[in-house]
Amino acid sequence: GAGVSQTPSNKVTEKGKYVELRCDPISGHTALYWYRQSLGQGPEFLIYFQGTGAADDSGLPNDRFFAVRPEGSVSTLKIQRTERGDSAVYLCASSLGVAGGQGTQYFGPGTRLLVL
Amino acid sequence: GENVEQHPSTLSVQEGDSAVIKCTYSDSASNYFPWYKQELGKGPQLIIDIRSNVGEKKDQRIAVTLNKTAKHFSLHITETQPEDSAVYFCAASTDSSASKIIFGSGTRLSIRP
């Protein structure tokens with residue numbers, strides 16, 4: 001079946017602009033996660049949804065970052081007033097559930113964001 | 001919070017030889033340890049995982065060992081092949097927060113023909 005998909009694959013924007021990054025999880029997966037990966041580093045947790053609600057948003061760096069998942073499937077990560085330091089690969093993952101073996105996270109290919 | 005350290009940062013081995021990547025973690029409550037492989041331009045792919053109720057797990061040429069007392073876990077790849085070249089990440093989380101996986105900084109593995 002289809003894996004996690006993310007659009008766009010690349011996004012170039014100017015400092016101060018607003019961007020939206022989209023994630024389509026694996027069908028039937030109830031949990032969805034956003035991570036940010038800087039060059040040469042491992043992914044860093046941003047936020048996690050169980051269904052429609054954000055169960056843990058402790059990784060969001062500041063209030064310029066916001067994410068939604070209104071129908072419990074597709075999610076959008078929104079970044080306001082982008083800064084050059086926001087440049088990174090934004091990864092989305094989904095899992096069937098969160099407990100035990102259901103918590104295995106499957107990653108999408110990521111959106112490469114470049115803020116000029 | 002949890003901190004995962006990984007080494008080496010780069011590793012080059014001759015095709016056919018074995019590769020070992022080591023990680024340590026800080027939170028004794030962590031009990032789930034996945035390993036991911038990331039190829040250039042792609043997202044991380046789960047290759048093997050282990051839970052703290054076992055000390056070793058093997059899947060064909062890949063094996064992972066866990067020492068809970070020392071808070072160490074390692075990835076072993078035997079009979080390496082060119083397609084094993086990638087960046088490998090270890091990670092840790094607790095069942096109570098399987099939502100938040102803490103990743104190591106990665107190991108770039110190169111297989112020399």
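These numbers come from a predicted model, not from an experiment. In what follows, every chain begins at residue 1, and chains take the letters A, B, ... in the order their sequences are listed.
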Query - Presence of salt bridge, A/Asp24 and A/Arg22, under 4.0 angstrom - result: yes
Query raised in the report: Can you find a heavy atom in the side chain of B/Ser52 that is under 4.5 Å from one in the side chain of B/Leu66?
Result: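 In short, these two side chains touch, coming nearer than 4.5 Å.
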Requested in this report: Describe, in one word, how the ring planes of A/Tyr48 and A/Tyr33 are oriented to each other, choosing from parallel (under 30°), tilted (30 to 60°) and perpendicular (over 60°).
Outcome: parallel
Report task. Let me know if B/Gln38 has heavy atoms under 4.5 Å from chain A in its side chain, its backbone, both or neither. Result ->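 Contact with chain A is through the side chain of B/Gln38 alone.
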Report summary line: Turns out that what part of B/Pro34 lies under 4.5 Å from chain A's heavy atoms comes down to neither
Report task. Check whether the side chains of B/Glu2 and B/Ser26 place a donor and an acceptor atom closer than 3.5 Å, and report yes or no. Result -> yes
Query raised in the report: What part of A/Gln37 gets closer than 4.5 Å to chain B, counting heavy atoms only: side chain, backbone, both or neither?
Result: side chain
Query raised in the report: With only heavy atoms counted, which part of A/Ser58 is less than 4.5 Å from chain B, the side chain, the backbone, both or neither?
Result: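 Contact with chain B involves the side chain of A/Ser58 alone.
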